[in-house]
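Below: one structure, written as structure tokens.
What you see is a predicted model; the values in this text were computed from it and never measured. Worth knowing before you read on, the calculation uses all heavy atoms, side chains too, and leaves out hydrogens, waters and symmetry mates.
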Amino acid sequence: MGTTKQIKGPFIEIMDCTLRDGEQTNGVSFLPHEKLMIARKLMGEVNVDRIEVASARVSEGEKDAVRMICRYADSIGKLDRVEVLGFVDGHLSIDWIKSCGGRVVNMLVKGSLKHCSQQLGKTPEEHIADILQCVDYANQQGMYVNVYLEDWSSGMRDSVDYVYQLMDTLTKTSIRRFMLPDTLGIMHPLQCVEYMRKMMKRYPKVHFDFHAHNDYDLAVSNSLAAVLSGAKGIHVTVNGLGERCGNAPLASVQVILKDHFNARTSIREERLNDISRMVAAYSGIAIAPNVPIVGESVFTQVAGIHADGDNKSNLYQNELKPERFGRKREYALGKNSGRANIARNLEELGLELTPEQTKRVTQRITELGDKKEIVTQEDLPYIVSDVLKHDTPDDKVKLISYVVSDAYGLKPGASVRVEINGKQYEAGATGDGQYDAFVKALRYIYKKHLNRTFPILANYAVSIPPGGRTDALVQTVITWHHGGGLLRTRGLDADQTEAAIKATFKMLNIVENELTT
């Protein structure tokens, strides 16, 4: 029996608007160097086809950011992929973009009659004349022009003859792409299909991009409807940032295009998680743990029956393999875990228990889960030791004593004494905080006495239970760069510094055990 040859789908351009539309998220303002770092990762690692980096004439800081991004893009031969939003304002936007080193202007024109007549106070003929003048000037300056038909979805619904009048003229110019935004986020997928097909039928040779907004939580659905109807490009933002409810998220659009429609893109999926974390850090907008592809928990199985099914031919897995995105599947430990989850985690740690011992460990984890305590894979050796009546885990790295100090006008300091594989070491250091001083003292010990590199901290998060009592327990979760991957450990204490120290020593013992096995 022969195999069916898979038909390749269309190639879809991905234009990322995080640095322009994404920055219009309430409370988000990227510094110039942050914009550069995001642009470098988007273009150099994630490999998006184009990026829209700013609006013209916003500020001097914005001009600095665009200049830096343009210099970088030019150095890697991708300057034509850097785009800036401009306006129908004579020479002003074009001159501003050119002075930054930019070569592409995304001109914002009015895509609905009400925007043209009520916001501009102009007739369609007057607005078209102004657009043509700007396009002609941009061409004289050696620049390329794309156009946004602002409020296009309303235009197609309420004033389609105006949209056609605008397009009939502009399609005869040098404009490269016509970008169709659902500016108010009002469309549903069936409308998107209807409107896009009308545009494609009337202008079959035109390159159309679609730009969705998520007011009805339909940004991804409408983006896919646009692709099915002939759009050649889709606009996205990292983590779905954007005005009001945001735009279509890059990661979600990418996987649905590939998996459900067999479309081809340039995106390197293994970099999606990295860019998501970077944008979350710079924007200050946290990623919900259940957000598809990039959420903290989306590759974590909680129910024990799921782990059991995965042990039997991966029955609870789909095409969204975590390895595809540079991540790994985890099996949560808690009251719903069951023995299959426990067994999976014990196997990863190389711990072998009898069925009876596994049963007792499972019971202990269920008890902890009922108390709403977080249980992690790193906690397992300690739980096993407790259940099997060991006094303490066989720690190879032990904290003997420490003192941390903080005084007004002086840098915080720390004195630390540790035992590593039976030998004690002592050091002191100052830092930008008590924990920073503590870690610097440990780094000194590892470098001077052990000639070893201390793992680099990747992320540090602190949480307390709701209520805000001053004596509330503090949970500190620290993520470390280790062995080409990430290692995450937790500490729980009434004191934040002590919780961080506990998490640190959990990490050091995990690393030490790896070295001796």
State the [atom1]-[atom2] distance between [X] and [Y], to the nearest 0.5 angstrom.
X: L272; Y: E45; atom1: CG; atom2: CD; value: 11.5 Å
X: K41; Y: N47; atom1: NZ; atom2: CG; value: 13.0 Å
X: I256; Y: L320; atom1: CD1; atom2: CG; value: 9.0 Å
X: M143; Y: I97; atom1: CE; atom2: CD1; value: 5.0 Å
X: E126; Y: S117; atom1: CD; atom2: OG; value: 11.0 Å
X: Q165; Y: L113; atom1: CD; atom2: CG; value: 9.0 Å

Margin query: Walk me through whether M15 and V236 qualify under side-chain contact (heavy atoms from CB on, under 4.5 Å).
Written below: CA-CA 6 Å; M15 201 264 265; V236 298; over 6 Å; no
Could you tell me whether N26 atom CG has more than 12 heavy atoms of other residues or ligands within 6.0 Å of it? no
task: State whether the number of non-hydrogen atoms from other residues, nucleotides or ligands found under 6.0 Å of Y460 atom OH is greater than 12.
output: yes
Among [options], exactly one meets side-chain contact (heavy atoms from CB on, under 4.5 Å) together with [X]. Which residue is that?
X: F325; options: V255, V294, D274; value: V255
X: F208; options: M200, K232, R177; value: M200
X: I51; options: M43, R20, K78; value: M43

Between E13 and R50, does the salt bridge (charged side-chain N to carboxylate O under 4.0 Å, His left out) criterion hold? Intermediate values first, please.
CA-CA 8 Å; E13 278 189 357; R50 299 145 52 204; 2.8 Å; yes
### V279/L241 under side-chain contact (heavy atoms from CB on, under 4.5 Å): CA gap, chis, key distance, verdict
CA-CA 9 Å; V279 170; L241 293 182; 3.6 Å; yes
Can we call the ring centroids of H211 and Y148 under 6.0 Å apart? yes
Quick check with a 6.0 Å cut-off and a 45 degree axis cone: is R202 positioned over the face of Y164's six-membered ring? yes
* To do: Cation-pi check, R176 to Y144: give yes when NZ or CZ is under 6.0 Å from the six-membered ring centre and within 45° of the ring axis, no otherwise.
  => yes
I'd like to know if [X] and [Y] make a salt bridge, using a cut-off of under 4.0 Å between side-chain N and carboxylate O.
X: R103; Y: E83; result: no
X: D259; Y: R324; result: yes
X: K98; Y: D95; result: no
X: K35; Y: D64; result: no

Decide yes or no on side chain to side chain donor-acceptor pair (under 3.5 Å) for H482 and E514, but give the supporting numbers first. CA-CA 11 Å; H482 171 62; E514 289 178 355; 2.6 Å; yes
- Do S266 and F11 come close enough that some side-chain heavy atom pair is under 4.5 Å? yes
TODO: Specify whether Y137 and H91 have parallel, tilted or perpendicular ring planes, treating 30° as the upper limit for parallel and 60° as the lower limit for perpendicular.
DONE: parallel
Exercise for the section: Could you walk me through whether H213 and C245 pass the side-chain contact (heavy atoms from CB on, under 4.5 Å) test, one step at a time? Expected result: CA-CA 7 Å; H213 278 268; C245 300; over 6 Å; no
For [X] and [Y], does a side-chain donor sit closer than 3.5 Å to a side-chain acceptor?
X: S93; Y: D89; result: yes
X: D182; Y: S153; result: yes
X: T183; Y: D151; result: no
X: T265; Y: Q254; result: yes

From the list N214, N239, D21, T237, side-chain hydrogen bond (donor to acceptor under 3.5 Å, both in side chains) partner of N247 resolves to D21
CA sep, side-chain torsions, deciding dist, call: Y72, M68, side-chain contact (heavy atoms from CB on, under 4.5 Å): CA-CA 6 Å; Y72 162 72; M68 288 192 293; over 6 Å; no
TODO: Ignoring hydrogens and angles, tell me if any N or O in the side chain of N222 forms a donor-acceptor pair with the backbone of A212 under 3.5 Å.
DONE: no
